[in-house]
S.K.: 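One structure follows; several queries about it will come next.
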Amino acid sequence: MRWQGREESSNVEDRRGMRVPGGGRGLGIGGAILLLAFVLITGKDPRALLQLISQVQDAVPESSAPPAGAPTDELGQFASVVLKDTESTWGAIFSSGGGGGYQAPTMVLFSQAVRSACGTASSAVGPFYCPSDRKVYLDLSFFDELSHRFGAPGDFAQAYVIAHEVGHHVQNLLGISDQIHSAQQRAHGESEVNALSVRLELQADCLAGVWANHTKIELEAGDVEEGLRAAAAIGDDRLQKLGQDEVQPESWTHGSSEQRVHWLRQGLRSGDPNSCKT
Ligand SMILES: [Zn+2]
């Protein structure tokens with residue numbers, strides 16, 4: 001993708017490097033040495049000190065460091081350019097559909113752990129969209145994982161991941177997510193609930209394809225194949241270690257690799273969100 005130099009989104013919250021209470025707890029080697037020195041010098045029970053440290057850590061608000069401005073690193077800028085492009089694409093589609101304007105989501109870049117309106121999540125959950133605060137949460141180290149662990153390298157594969165999460169935002173705006181969730185509440189049994197989740201996920205893949213059809217970012221040879229490879233490689237059932245209060249975003253169910261590739265292709269070919277009737 002020839003994305004360099006293109007306009008970046010102003011809807012990016014860069015929270016990388018910010019600590020979340022309860023996330024990334026640990027003394028480190030320096031702390032352990034200090035603790036040992038404390039015990040040796042005072043002869044006191046180290047548990048009291050550990051408890052104190054833990055209380056102090058809990059008291060540190062997440063916003064102890066203000067979110068940084070626009071990303072200055074290459075990967076952050078890339079994500080920001082892709083987000084901007086989804087804003088233009090969906091803005092145009094929404095206004096041509098006559099169904100009101102498109103309200104862009106915010107993209108939160110984080111490292112290790114993040115607090116959202118849907119709960120606290122560690123990076124292990126992968127990228128996710130929280131409908132309650134209308135934000136896409138993304139730890140950019142997921143792209144390393146995508147490349148090395150899932151064998152799906154390339155910038156278009158990364159853009160597809162962002163476009164899929166923006167697809168969930170579009171579903172939220174159109175009221176589709178709500179419809180699915182109320183259908184899930186009426187559903188009988190887990191398999192019916194899961195089948196509805198699969199349809200929602202596959203539709204987000206299709207909407208990512210719709211974006212790719214309309215993108216103004218110039219694609220290069222092999223880009224689309226990268227995206228299809230990523231669709232086949234990642235499932236929302238990737239190993240999840242959930243935080244204390246659980247985030248339920250890219251939850252247990254997605255669809256088979258073939259289904260994901262099929263629906264991404266469908267959106268890519270048609271460029272029409274109405275064709276995404278999963
Ligand atoms: Zn999803």
Side-chain angles (χ1 to χ4, degrees), residues 79 82-83 86 89-90 104-110 114 116-119 121-143 145-146 149-150 152 156-181 183-184 193-212 226-243 246-268 273 275-278:
V82 171
L83 184 67
T86 65
T89 299
W90 286 111
T106 296
M107 181 166 68
V108 178
L109 303 178
F110 71 99
V114 73
S116 77
C118 299
S122 84
S123 297
V125 303
F128 66 96
Y129 173 72
C130 172
S132 317
D133 58 18
R134 296 184 165 189
K135 291 180 180 180
V136 169
Y137 291 85
L138 180 63
D139 181 338
L140 293 171
S141 68
F142 176 75
F143 291 156
E145 208 180 338
L146 189 62
R149 187 164 151 217
F150 295 105
F156 189 80
Q158 299 167 353
Y160 151 72
V161 168
I162 295 172
H164 172 98
E165 298 309 331
V166 171
H168 284 311
H169 175 67
V170 170
Q171 292 172 322
N172 189 22
L173 293 181
L174 295 177
I176 296 170
S177 324
D178 282 345
Q179 285 169 20
I180 292 283
H181 289 141
Q184 282 176 325
V193 170
N194 287 354
L196 287 162
S197 293
V198 167
R199 287 169 62 187
L200 202 63
E201 289 304 325
L202 294 175
Q203 188 177 58
D205 283 336
C206 184
L207 295 173
V210 170
W211 161 76
E226 281 175 15
L228 294 171
R229 206 177 304 133
I234 53 168
D236 289 336
D237 62 343
R238 54 191 294 276
L239 277 181
Q240 288 193 358
K241 293 184 209 133
L242 297 178
E246 296 194 345
V247 163
Q248 306 190 334
E250 299 301 310
S251 22
W252 352 268
T253 32
H254 49 291
S256 68
S257 295
E258 292 93 317
Q259 284 175 312
R260 298 201 73 166
V261 168
H262 170 83
W263 284 105
L264 175 58
R265 274 218 176 95
Q266 168 75 14
L268 255 168
S275 77
C276 296
K277 295 200 189 320
T278 50

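Reckoned from all heavy atoms, side chains included, excluding hydrogens, waters and symmetry mates. Note that the numbering runs from 1 along the sequence shown for the chain. When a ligand or atom number is given, it counts from 1 through the structure's own listing order. Remember, predicted model here, so these are calculated numbers, not experimental data.
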S.K.: Which value, rounded to 10°, describes the NE2(His164)-the Zn ion (ligand 1)-OE1(Glu201) angle?
M.R.: 90°
S.K.: Do Tyr129 and Asp133 meet the criterion of a side-chain donor-acceptor pair at a distance under 3.5 Å?
M.R.: no
S.K.: Check Arg260, His164, Gln259 against Glu201 for a side chain to side chain donor-acceptor pair (under 3.5 Å) and give me the one that passes.
M.R.: His164
S.K.: Any side-chain donor paired with an acceptor under 3.5 Å for Ser197 and Gln184?
M.R.: yes
S.K.: Taking Gln203 for the side chain and Cys276 for the main chain, is one N or O donor matched with an acceptor at less than 3.5 Å?
M.R.: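 A pair under 3.5 Å: yes.
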S.K.: Among the N, O or S atoms of His168, which one sits nearest to the Zn ion (ligand 1)?
M.R.: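 Going by distance to the Zn ion (ligand 1), the closest N, O or S atom in His168 is NE2.
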S.K.: So, is Asp205 placed with an N/O/S atom under 2.8 Å from the Zn ion (ligand 1), counting both backbone and side chain?
M.R.: no
